[in-house]
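This report concerns only the one structure given below.
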2 protein chains.
Amino acid sequence: MPTADTRDRLTAAALDTVRELGVTAVSARTVAGRAGINQGLVFYHFGSVDNLMAEACRIETARRVAIYQDRFAVVSTLRELLDVGRQVHATERAEGNVTVLAQLLAASNGNPALRTATADALRLWTSQVEMVLRRVLGAGPLDGLLDPASLAHAVSAAFIGLELLDTIDSHAAEAALGELDRLGLIAEAIDNLGPVARRAVRAKLSHHVQTTVTSRVRSE
Amino acid sequence: MPTADTRDRLTAAALDTVRELGVTAVSARTVAGRAGINQGLVFYHFGSVDNLMAEACRIETARRVAIYQDRFAVVSTLRELLDVGRQVHATERAEGNVTVLAQLLAASNGNPALRTATADALRLWTSQVEMVLRRVLGAGPLDGLLDPASLAHAVSAAFIGLELLDTIDSHAAEAALGELDRLGLIAEAIDNLGPVARRAVRAKLSHHVQTTVTSRVRSE
DNA sequence: GTCTATAGCTGGATAGAC
DNA sequence: GTCTATCCAGCTATAGAC
């Protein structure tokens with residue numbers, strides 16, 4: 001099946017180009033050249049360079065998310081979530097895939113084809129995170145006070161920003177990630193407080209926060 | 001002084017282009033055309049398109065940060081910080097300046113001239129955030145357990161990611177921001193706990209977290 | 001300082017041979 | 001399906017008139 005092979009080589013070459021040179025360096029010529037394939041085939045197989053990028057984004061994200069699915073599935077505490085988060089960050093930074101997503105996200109501005117592809121890709125990540133958060137938060141004292149879906153969006157966005165920061169200042173990104181780690185430990189400590197303190201926190205929270213949650217949910 | 005006027009018109013037009021069409025749409029022709037100026041002047045005044053973008057980034061960021069400086073200066077509690085954060089997000093989304101920074105950050109990949117400019121620009125924001133965090137955290141029960149500089153990087157990165165997310169899914173970005181708001185309220189509630197609970201939290205935290213902080217600081 | 005004109009290049013996209 | 005050849009648009013950068 002030589003067709004599939006060519007398509008695969010093109011999507012792989014496109015991702016490599018984004019990783020190493022940034023999205024601005026992507027063109028039918030550079031990508032095809034890297035794949036050792038004629039430039040015209042980009043248009044034969046994908047119609048346009050944007051479509052090639054969109055397809056590559058979809059395929060790669062699905063593949064990466066699938067890799068972590070098993071690890072996400074066994075997370076049940078905040079600390080475990082942080083551990084997995086660190087693993088994902090480390091691996092993805094080495095492989096450069098979150099960077100790819102960040103690049104495509106930026107390039108999606110005023111590019112409808114890419115926009116929907118990156119939105120779909122990001123949703124793959126957030127839905128995974130959301131499932132984990134739902135499980136982790138459901139067991140803790142904050143159950144019902146936070147919205148897992150919204151929090152998942154926040155986490156994903158933070159990850160994207162971190163990966164972008166990493167490309168221009170890796171030291172700062174490393175420090176930031178360590179700090180998030182420490183925030184997680186603090187959250188965990190609060191999670192492990194005795195029942196008296198838990199009730200105190202909940203009492204303080206439930207009024208204002210609960211009303212915020214319900215009003216937001218109602219408006220959706 | 002007609003020179004400065006032309007330079008200003010070019011940097012302004014460059015930023016407008018990034019805002020409305022994304023960084024990929026920036027070229028000497030599009031920018032100069034928008035400014036109603038001849039294309040060659042980009043090279044006369046700035047030497048290259050990259051340099052124009054870098055300069056525009058520097059100028060604009062300095063201007064935006066200066067606008068919020070007064071507001072940052074009076075922040076002394078976590079809730080006030082969140083309020084200012086919301087204001088910044090709302091204003092910057094309307095004006096599109098954080099989006100510009102996010103775009104340039106992505107475009108900095110493999111572009112040394114832009115890279116240093118965006119790194120400088122981001123540092124302007126983080127140093128502001130750091131000052132505020134130092135003040136806010138110093139008054140709270142977490143004083144000494146968190147590193148304001150690292151946390152400032154994390155906050156800035158999260159903002160960048162949010163603004164990027166906003167361009168492809170504004171609903172998700174809004175939800176994420178609301179959730180961060182709620183996290184802030186929770187933190188504030190903990191901040192306002194009685195002295196007994198405070199001591200309990202600190203006791204839980206201080207061992208593990210403190211050692212993490214000191215080991216990190218020592219390694220720098 | 002600003003304009004016109006242009007050289008030289010790269011990129012998107014298509015036609016047609018194989 | 002893949003390649004060669006090609007057209008055309010748009011881009012960077014410079015030279016030279018004003």
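To find a chain, count down the sequence lines: A is the first, B the second, and so on, and within it residues start at 1.
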*Near DNA chain C, which residues from residues 10-27 of chain A have a heavy atom under 4.0 Å away?*
A:S27
_A:E55: partners by side chain to side chain donor-acceptor pair (under 3.5 Å), with sequence neighbours left out_ = A:R7
Spacing between [X] atom [atom1] and [N] atom [atom2], to the nearest angstrom:
X: B:H45; N: D:dT14; atom1: NE2; atom2: P; answer: 15 Å
X: A:R7; N: D:dT2; atom1: CZ; atom2: C1'; answer: 15 Å
X: A:F43; N: C:dA15; atom1: CZ; atom2: C1'; answer: 14 Å
X: A:N51; N: C:dG12; atom1: CG; atom2: C1'; answer: 13 Å
X: A:D8; N: D:dT2; atom1: CG; atom2: P; answer: 12 Å

_Using five base pairs at each end to define the local axes, how bent is the helix from C:dG1-D:dC18 to C:dC18-D:dG1, to the nearest 10°?_
0°
*Is it true that the side chains of B:N97 and B:R63 contain a donor and an acceptor less than 3.5 Å apart?*
no
*Is the closest side-chain donor-acceptor distance between A:T17 and A:T30 under 3.5 Å?*
no
*Hey, is the main chain of B:A106 close enough, under 3.5 Å, to the side chain of A:Q103 for a donor-acceptor pair?*
yes
Once rounded to the nearest 0.5 Å, what's the spacing between atom [atom1] of [X] and atom [atom2] of [Y]?
X: A:L52; Y: A:T11; atom1: CG; atom2: OG1; value: 7.0 Å
X: A:M131; Y: A:T126; atom1: CE; atom2: OG1; value: 12.0 Å
X: A:L41; Y: A:T6; atom1: CG; atom2: OG1; value: 6.5 Å

*For residues 30-45 of chain B, pull every pair meeting salt bridge (Lys or Arg N to Asp or Glu O under 4.0 Å), keeping only residues two or more places apart or in separate chains.*
B:E20-B:R34
*Summary of salt bridge (Lys or Arg N to Asp or Glu O under 4.0 Å) pairs that have at least one residue in residues 153-169 of chain B, sequence neighbours excluded*: B:R93-B:D166
*Is there a side chain to side chain contact (heavy atoms under 4.5 Å, CB included) between A:E60 and A:V100 once you walk through the steps?*
CA-CA 10 Å; A:E60 185 69 358; A:V100 169; 6.0 Å; no
*Does the side chain of A:T6 get closer than 4.0 angstrom to OP1 or OP2 of D:dG1 through an N or O atom?*
no
*Under a 4.0 Å N-O cut-off, is there an ion pair linking B:E174 with B:R86?*
yes
*Across the strands shown, which category fits B:V49 at heavy-atom distances under 4.0 angstrom: base, sugar-phosphate, nothing?*
sugar-phosphate
Nucleotides 3-6 of chain C: which of its N/O atoms have a protein N/O under 3.5 Å away?
from  : atom 1 : to    : atom 2 : distance (Å)
C:dC3 : OP2    : B:N38 : N      : 3.1

